[in-house]
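Structure in structure tokens, see below.
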There are 2 protein chains.
Amino acid sequence: MKPKLTLKKIAKELDVSISTVSKALRDSPEIGEETREKIKAFAKHYNYKPNNIALSLKNRKTKTIGIIIPEIVHHFFTTVISGVEKVANEMGYNVLVCLSDNSFDKEVLNMEMLANGSTDGFILSLAKETMQKGDYHHLIEAINQGMPLVLFDRVVEDISCDKVIIDDVTGGKKAVQYLVDIGCKKIALISTVDYVSVGKLRTKGYKDALEENGISVNEDLILKIEEMEDSEAEIEQFLKEKDIDGVFAVNEHFAISAIKTIQEQGKKVPDDVSVIGFTDGELSKRFIPSLTTVSQHGMRIGEESARLLIEKLERTPSEEEYYKTIIVETGLVTRNSTKLKK
Amino acid sequence: MKPKLTLKKIAKELDVSISTVSKALRDSPEIGEETREKIKAFAKHYNYKPNNIALSLKNRKTKTIGIIIPEIVHHFFTTVISGVEKVANEMGYNVLVCLSDNSFDKEVLNMEMLANGSTDGFILSLAKETMQKGDYHHLIEAINQGMPLVLFDRVVEDISCDKVIIDDVTGGKKAVQYLVDIGCKKIALISTVDYVSVGKLRTKGYKDALEENGISVNEDLILKIEEMEDSEAEIEQFLKEKDIDGVFAVNEHFAISAIKTIQEQGKKVPDDVSVIGFTDGELSKRFIPSLTTVSQHGMRIGEESARLLIEKLERTPSEEEYYKTIIVETGLVTRNSTKLKK
DNA sequence: TTGTACGCGTTATCAT
DNA sequence: ATGATAACGCGTACAA
């Protein structure tokens, strides 16, 4: 096991000073042709690479960005990471991934852990618990310390920072409008509790679309789910004996549970009931019937977030402070869980 | 924006020396009660946290572990990350996630990027291209530089390092034995090309199980898929007019494509053909019919990998070198894609 | 009880 | 053309 090569060792080996080596390797014209070539040849041969940690300390920059997500076992977040990673790598950054497990405490802990020099900035989607509590002191603290922050997907208005979101209201509207267009009259909504921003917004889209089409909103047809765990049972309970011809579910799991329940009741999807989900999951594509969904474009969200963050990081500090919110458009992907009513 | 607090600033503020502050904060008995309390109070009030980068440089340890995976949009890898992250955090480590996109070049690049001080060690599942090429110089180099390496899932024998794998042969055997037990006689295998270690091993399991049951292996019933992209079409082609009553697929995507094809041919799963997959994907659980699978326990693989790596990292260097291979048992999860033949 | 000096690996600035 | 020195933030052996 050979320990890592350092400037010092090269200097000693070649019997020159450390700074000569440093300069030679950075092609400084201060160094004579001959020595420069000699040093570069040596470094190349023994595969010298400068130590990132030392550079970080010196430059006060880590070239690392931290991303904290509520849970990784979610296709959407996973595509976001993929997008972040792609852009980050192109720009010479590493990506530190942390999971909050939807816990406020873990989110705070993770941020503190990374804020002490491990990372130059954050990309973050809030834990459910954090949104519920409404306690964002850790975000504010990071910003105050001069660490740029980009929120995505589960964002919160009170915090001044860059944001990348999809237009959940419009997305929800698109979905419901589509259901209306294909002839659905009695459309149920399966959403999450309101403190999860996306649930609230998509619910608004649902209501807006109905109203625009002159259909009155029936609260009886709206289900708000608190825990993923019990969702299947709740949905079954909810749909029992409901007279509906369309379902808009705010994620793919709810959509699939709905389809299962509907089928168990002897009704057919999409012939009797059309179902629409909200996601980009693999599940939607592969499920039978494959799901019509509002697509979230997680990859693009990740890319935009990374770009936004790196832009902030590399901006000269003199420039004026300003924040952007980027809205990534949703698309409607029609598959086999919806069908035109005759 | 207040810049980060450092020892130096505290020292200046309180008019003591830097080392006094350092010692006081670390509860050194060298420092007088009074000064110590004063310093600690100050530090606490202004929320002092030591700078990780400086510590890393000093200790030559980053307390960060790098994990490189072929692709993140794969439920299995995602659960592995989850497991790694869990154990790492418990032990005070951060996790740097990089993606190789199954590309050899990107894998090498990622390793070089992280090897220059960003990380204390690696957890890695090889890119498909790397296994195909058989070029492992980057792994060897990392090991030579004293960076511990843990390979998981897609491992390779030639490299001396810790490994965490599932018993693919036994897993494959279990699957096929189960098919035999429920009365299947003509069992097809849908696998990957042989240079992907898991494909090869699961194929061996398939053959072993057949032979142990006195069923001769028919190469006509074996399909080896090169590209995920074309898998669906290939599977359709392959299964066309094959007379089979069971399918063992080495991942869930293949299994699902098989089910679709079989259904399109007017046959029923599981009544006419039983299908078994290999994974822990969400898809398997939610698909209709839900899939009987050999479960891989990605979470546990991640946990074991992290434990193994951290153990190496914290071992005193005097201790003797030795490597472990941990085999995580597979389990068989019976769901609705298999059925006893009458 | 407190402070000084040094080193981790690097670069920038200032001497020689 | 080359080298010495300081600095980034921290901890620690040693000196006062």
Side-chain angles (χ1 to χ4, degrees), chain A residues 2-40 42-43 46-64 114-120 145-146, chain B residues 2-40 42-43 46-64 92 114-120 145-147:
Chain A
K2 51 165 190 222
K4 275 239 97 175
L5 199 53
T6 67
L7 288 185
K8 193 195 259 184
K9 286 179 197 151
I10 299 182
K12 194 169 174 188
E13 206 63 40
L14 263 45
D15 205 37
V16 289
S17 82
I18 297 181
S19 54
T20 304
V21 178
S22 174
K23 285 172 189 163
L25 292 178
R26 323 190 81 239
D27 273 325
S28 160
E30 287 184 54
I31 305 298
E33 175 91 18
E34 199 186 347
T35 9
R36 196 170 58 208
E37 286 315 317
K38 185 179 66 181
I39 292 172
K40 289 183 77 169
F42 186 92
Y46 291 102
N47 191 30
Y48 167 78
K49 294 270 167 51
N51 179 314
N52 284 332
I53 295 292
L55 288 179
S56 296
L57 184 58
K58 180 125 202 53
N59 304 329
R60 278 97 156 295
K61 287 195 178 165
T62 62
K63 294 289 244 176
T64 299
L114 300 193
N116 304 315
S118 302
T119 228
D120 293 339
Q145 286 184 8
Chain B
K2 53 168 189 221
K4 276 240 96 174
L5 199 54
T6 67
L7 287 186
K8 192 195 259 185
K9 287 179 196 151
I10 300 181
K12 194 170 175 186
E13 205 65 40
L14 265 43
D15 205 37
V16 289
S17 84
I18 297 179
S19 63
T20 305
V21 179
S22 173
K23 285 173 188 162
L25 292 178
R26 321 193 85 241
D27 274 324
S28 159
E30 287 184 51
I31 305 298
E33 175 91 20
E34 198 185 348
T35 10
R36 196 170 58 206
E37 285 316 317
K38 185 179 67 179
I39 291 172
K40 290 183 78 167
F42 184 93
Y46 291 102
N47 191 29
Y48 168 78
K49 293 271 168 50
N51 179 314
N52 284 333
I53 295 291
L55 287 178
S56 296
L57 186 58
K58 180 140 216 9
N59 304 329
R60 276 97 158 286
K61 288 195 178 166
T62 63
K63 293 290 241 175
T64 299
L114 300 192
N116 303 314
S118 302
T119 226
D120 293 339
Q145 285 186 7
M147 306 201 61

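Residue numbers start from 1 in every chain, and the chains themselves are labelled A, B, ... in the order their sequence lines are given, proteins ahead of strands.
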Using modelled atom types only, decide if a donor and an acceptor are shared between the side chain of A:Asn51 and the backbone of A:Ile53 within a distance under 3.5 Å.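 Side chain of A:Asn51 to backbone of A:Ile53: a pair is present.
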Phosphate OP1/OP2 of C:dG9: any B:Arg60 side-chain N/O under 4.0 Å: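 So the side chain of B:Arg60 is within the cut-off, an N or O lying under 4.0 Å from OP1 or OP2 of C:dG9.
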For the side chain of A:Ser19, starting at C-beta, report the closest nucleotide among D:dC8, D:dT5, D:dT12.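 So the nucleotide nearest the side chain must be D:dT5.
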Of the listed nucleotides C:dG7, C:dT11, D:dC8, the one nearest the side chain of A:Ile18: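 Nucleotide nearest to A:Ile18's side chain: C:dT11.
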Considering just the side-chain nitrogens and oxygens of B:Tyr48, establish if one lies under 4.0 Å of OP1 or OP2 belonging to D:dC10.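 It does, given that an N or O in the side chain of B:Tyr48 lies less than 4.0 Å from OP1 or OP2 of D:dC10.
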Stretch residues 23-33 of chain A: residues that reach within less than 4.0 Å of DNA chain D through a heavy atom: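 Heavy-atom contacts with DNA chain D come from A:Lys23, A:Glu30, A:Ile31, A:Gly32.
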Does A:Ser17 have a side-chain nitrogen or oxygen under 4.0 Å from the phosphate oxygens OP1 or OP2 of D:dG3?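 Indeed, a polar side-chain atom of A:Ser17 lies that close.
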Side-chain contact test, heavy atoms from C-beta onward, threshold under 4.5 Å: evaluate it for A:Leu7 versus A:Leu25 and give yes or no.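 Touching, per the 4.5 Å side-chain cut-off.
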Reckon A:Thr20 has a side-chain N or O less than 4.0 Å from the OP1 or OP2 of D:dG3?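 Answer yes for this pair, as a side-chain N or O of A:Thr20 is under 4.0 Å from OP1 or OP2.
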Both B:Arg36 and B:Lys58 contact DNA chain C. Taking the nearest nucleotide for each, which residue is further toward the 5' end?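 Here B:Arg36 is the residue nearer the 5' end.
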Separation of C:dG9 C1' from B:Leu57 CG (nearest whole Å):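 Rounding to the nearest Å, CG of B:Leu57 and C1' of C:dG9 are 6 Å apart.
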In whole Å, what is the span from the CD atom of A:Glu37 to the P atom of D:dA1?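 Rounded to whole Å, this separation is 14 Å.
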Grab the two heavy atoms, one from A:Thr62 and one from A:Ser118, that are nearest each other, plus how far apart they are.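 Looking at all heavy atoms of both residues, the closest pair is OG1-O, 3.7 Å.
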Give the rounded distance in Å between these two atoms: CG of A:Leu5 and C1' of C:dC8.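 Going from A:Leu5 (CG) to C:dC8 (C1'), I get 16 Å.
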Please determine whether side chain to side chain contact (heavy atoms under 4.5 Å, CB included) holds for the pair B:Met147 and B:Asp120, giving the CA-CA distance in whole Å, both sets of side-chain angles, and the decisive distance to 0.1 Å. CA-CA 6 Å; B:Met147 306 201 61; B:Asp120 293 339; 5.6 Å; no
Could you tell me whether the phosphate oxygens of C:dC8, OP1 or OP2, come under 4.0 Å of any side-chain nitrogen or oxygen in B:Ser56?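 So the side-chain polar atoms of B:Ser56 never come under 4.0 Å of the phosphate oxygens OP1 or OP2 of C:dC8.
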What is the distance, rounded to the nearest whole Å, between atom CG of B:Asn51 and atom C1' of D:dC8?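 Interatomic distance, CG of B:Asn51 to C1' of D:dC8: 9 Å.
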For B:Arg36 and B:Pro29, work out which heavy atoms get closest and say how close.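 That would be NH1-CA, 4.1 Å.
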What nucleic acid atoms does B:Thr6 come within less than 4.0 Å of, heavy atoms only: base, sugar-phosphate, or nothing?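 B:Thr6: backbone/sugar contact only, no base atoms under 4.0 Å.
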Of the listed nucleotides (D:dT2, C:dT11, D:dC10), which one gets closest to any side-chain atom of A:Thr35?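 Selected nucleotide: D:dT2.
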So which atom in A:Ile31 and which in A:Ala24 form the shortest heavy-atom distance, rounded to 0.1 Å?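 Closest approach of A:Ile31 to A:Ala24: CG1-N, 3.9 Å.
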Among residues 7-14 of chain B, which ones have heavy-atom contacts with DNA chain C below 4.0 Å?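 Hits under 4.0 Å, by residue number: none.
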Given atom CG of A:Asn59 and atom C1' of D:dA7, what is their separation to the nearest angstrom?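 Rounded to the whole Å, the gap is 12 Å.
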Keeping to residues at least two apart or across chains, list the salt bridge (Lys or Arg N to Asp or Glu O under 4.0 Å) pairs with something in residues 3-23 of chain B.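 Listed by first then second residue: B:Lys23-B:Glu30.
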What is the distance, rounded to the nearest whole Å, between atom CG of A:Asp120 and atom C1' of D:dC8?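 After rounding, the gap between these two atoms is 15 Å.
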B:Ser56 side chain to B:Asn52 backbone, donor-acceptor under 3.5 Å: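 Looks like yes, one N/O pair under 3.5 Å.
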